[in-house]
Amino acid sequence: MLHVPHHLELPTPATSARSASQASSYSPSDTKRSNKRKPHSSALTIKELEAKAQNVARNDAVNALEYLMQVLEMKRDRFGAAAPETVETQLDIVELNNNVAQELIQSGRTGEVARYLSQNNAFTQHAVPDPHQNSRRLFQRAQMYNNRTCVKKAEGNVRGALKNCEKSLTIMLHLNMLDQLPTCYLNVCALYSTLGLHSEALKHAFLALQILRELIKDTHGKVDLAGNPNASLPTLPDSSILEQESSISHQKGSEPDAEVHFTPLGDVGLTIPPVDSSIIDPAHRRLTTFGTQLAITYFNIAVEQEYLLDFPACIRTYQVAVATAEEFLGWGHPLAKKFRRTLRKALKDEQIMQQAQLEETQTKQCAKYRYGVTSTASVHSVYK
C-alpha cells in the first residue's frame with residue numbers, strides 16, 4: 001500500500017549510483033584518514049573546499065562529504081562550534097548523509113546506512129538560534145527518521161519502523177509542511193496495515209486525502225495555461241458520479257478479467273511516478289504530482305475498506321481511484337491499469353461473498369425448517 005509508498009520514502013534529492021557504490025569506502029568518522037589521503041587539501045581555503053564539494057556533490061556525494069568534513073573542522077577552529085557558519089556546514093553534511101543513505105536504501109544496502117544516520121542524529125539533535133537553520137535542521141531530522149523507517153521495515157521490524165515514521169510525521173506537522181504530510185500519513189497507513197490495524201490505517205489514509213484535496217484546489221488556480229489555450233486542467237472526481245459499477249469494469253478497451261491477488265501498496269512498493277517532462281509550468285507539474293498522490297490515496301483507502309470487508313464502500317472508492325488516475329495520468333498509464341484490474345477483482349470478490357452469504361442464509365432456513373418438522377413430529381408422537 002506504502003502508498004509510499006509510498007512508498008516509505010519522503011522525497012529527497014537524488015544522488016548518483018556512483019555515490020552509493022562508493023559509500024562503503026567512507027565513514028563520517030574517517031575524517032583523519034581522508035585528510036591523510038589528501039594532504040594537498042589542507043592548503044586549500046574554506047571557499048575552495050566548499051567549491052570542490054559543490055562541484056562533485058551531484059556525481060560523487062561521498063567525496064563531497066570528505067571535503068565538507070575538512071571545511072567543518074576549519075570553521076570550528078575559526079568561528080566556533082556554535083557559529084552560524086559552522087552550523088550551516090553541519091547541515092550540508094546532514095543533507096548529503098541523508099542522500100547517500102537514501103541511495104543505499106534504494107539499492108538494498110540497508111546495513112551500510114547506520115553510520116551516516118548516527119552522525120545526522122548528533123548534528124540535528126539540538127535547536128539552533130537561527131530560525132531558518134533550525135527549520136532546515138528539523139526537516140533533515142525528519143528525513144533521517146524516514147530513512148530509519150525504511151531500514152527498520154527492511155529488517156522486518158515494523159513496530160520500530162512505525163515509531164520512526166511517527167517521529168517524522170510529528171516534525172512535518174510542527175513545520176506545517178503540507179506538501180510533505182500526505183506522504184507521511186500514507187507511510188503510517190501502510191505500516192499500520194502491515195500490523196493488521198486496518199482501522200488505524202484507514203484513519204491516516206483519510207487524513208492524507210483531506211490534505212491532498214485542499215492542495216489540489218489551491219494549486220488548480222495557479223496553473224498558467226496562457227501558452228496553451230487548448231489545454232484543460234484535471235478536476236477532482238466525485239464518488240457520486242461513479243455509482244454504476246459497469247461504467248469502468250465493462251468499458252470498451254478494458255483489459256480482460258484476470259485473477260489479481262490484492263497486495264497493499266506499501267508491500268508492492270508503488271511509488272509516485274515521475275511527472276511528464278513536457279509539463280513546463282511548475283504549478284501544473286505540482287498539480288500532476290498531487291493528483292497522482294490523490295489517486296494512490298484513494299486506492300489505499302479502498303484497500304483498507306476491503307480488509308475491513310466493507311465491499312460497497314471499497315468498490316466505490318476503487319472506482320474513484322480509477323477515475324482520478326485516468327484524469328491526472330491518462331487512461332493508459334500503468335497505475336490506471338493496475339487500479340482497473342484491482343477494481344475488477346474486487347467486484348468478483350463481492351459477487352463471491354454475496355453468493356456465499358446467500359447460500360449460508362438458505363442453509364440456515366433449511367436447517368430451521370427441518371428442526372421445526374422434527375419438533376412437531378416429536379410432540380405428536382408423545383401425545384399419540
Side-chain angles (χ1 to χ4, degrees), residues 1-3 158 186 188-209 237-252 254-268 270 295-325 335-384:
M1 219 168 148
L2 250 167
H3 318 64
V158 180
L186 290 176
V188 175
C189 166
L191 291 169
Y192 271 123
S193 183
T194 302
L195 291 171
L197 303 174
H198 299 295
S199 295
E200 280 295 316
L202 185 61
K203 180 179 73 175
H204 284 82
F206 272 116
L207 289 170
L209 174 64
D238 185 82
S239 59
S240 63
I241 65 174
L242 297 171
E243 292 298 325
Q244 297 298 323
E245 296 175 358
S246 61
S247 63
I248 292 177
S249 58
H250 300 297
Q251 62 181 298
K252 183 178 180 180
S254 294
E255 301 88 356
D257 289 344
E259 289 294 327
V260 179
H261 297 286
F262 176 73
T263 308
L265 276 176
D267 293 337
V268 300
L270 276 181
I296 293 174
T297 301
Y298 277 126
F299 186 80
N300 290 342
I301 290 173
V303 168
E304 300 309 320
Q305 291 170 333
E306 188 172 1
Y307 273 129
L308 295 169
L309 301 181
D310 189 353
F311 273 94
C314 89
I315 294 299
R316 289 193 298 271
T317 311
Y318 276 136
Q319 290 172 332
V320 179
V322 170
T324 306
L335 275 184
K337 292 180 179 180
K338 176 183 175 62
F339 293 174
R340 285 196 295 271
R341 289 196 300 268
T342 307
L343 171 59
R344 285 195 294 271
K345 174 64 167 55
L347 288 169
K348 285 185 177 180
D349 289 346
E350 182 185 36
Q351 292 174 355
I352 293 172
M353 176 169 286
Q354 289 175 346
Q355 182 64 31
Q357 290 175 343
L358 178 62
E359 292 175 356
E360 182 180 1
T361 301
Q362 292 174 344
T363 301
K364 287 181 179 180
Q365 289 176 345
C366 291
K368 182 178 180 181
Y369 174 76
R370 286 197 300 270
Y371 175 77
V373 172
T374 303
S375 300
T376 303
S378 298
V379 172
H380 178 72
S381 62
V382 170
Y383 284 98
K384 186 176 180 180

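The model shown is predicted, which means the values in this text are computed figures rather than measured ones.
The structure places CG of L197 at 10.5 Å from CG of L191, a figure rounded to the nearest 0.5 Å. Distance check: K337 NZ to L335 CG gives 11.5 Å after rounding to the nearest 0.5 Å. Here the straight-line distance linking atom CG of D310 with atom CD of E350 works out to 10.0 Å at 0.5 Å rounding. Distance NZ/K345 to NZ/K348: 8.5 Å, rounded to 0.5 Å.
Residues L195 and E200 are not in side-chain contact: their nearest non-hydrogen atoms beyond the backbone lie 4.5 Å or more apart. In this structure, the side chains of R341 and K338 come closer than 4.5 Å at one or more pairs of heavy atoms. No side-chain heavy atom of H198 sits less than 4.5 Å from a side-chain heavy atom of L202.
Minimum heavy-atom separation, A313 to Q305: O-OE1, 3.2 Å. Considering all non-hydrogen atoms of both residues, L343 and I315 come closest at CD1-O, 3.9 Å. Scanning both residues, L308 and S199, for their nearest heavy atoms gives CD2-OG, 4.0 Å. When every heavy atom of A205 is checked against every heavy atom of I301, the shortest pair comes out as CB-CG1, 3.5 Å. Contact detail for A321 and A295: the closest heavy-atom pair is CB-O, 3.8 Å.
Formation of a donor-acceptor pair under 3.5 Å by the S193 side chain with backbone atoms of C189 is not found in this model.
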**Request:** Show your working on side chain to side chain donor-acceptor pair (under 3.5 Å) between Q355 and E359 and close with a plain yes or no.
**Result:** CA-CA 6 Å; Q355 182 64 31; E359 292 175 356; 3.2 Å; yes

**Request:** Report the C-alpha distance between Q354 and L358 in whole Å, list the side-chain angles of each, state the deciding distance to 0.1 Å, and finish with yes or no for side chain to side chain contact (heavy atoms under 4.5 Å, CB included).
**Result:** CA-CA 6 Å; Q354 289 175 346; L358 178 62; over 6 Å; no

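Screening F311, F299, F339 for a ring pair (Phe, Tyr, Trp, His ring centres under 6.0 Å) with Y318, the sole residue that qualifies is F299.
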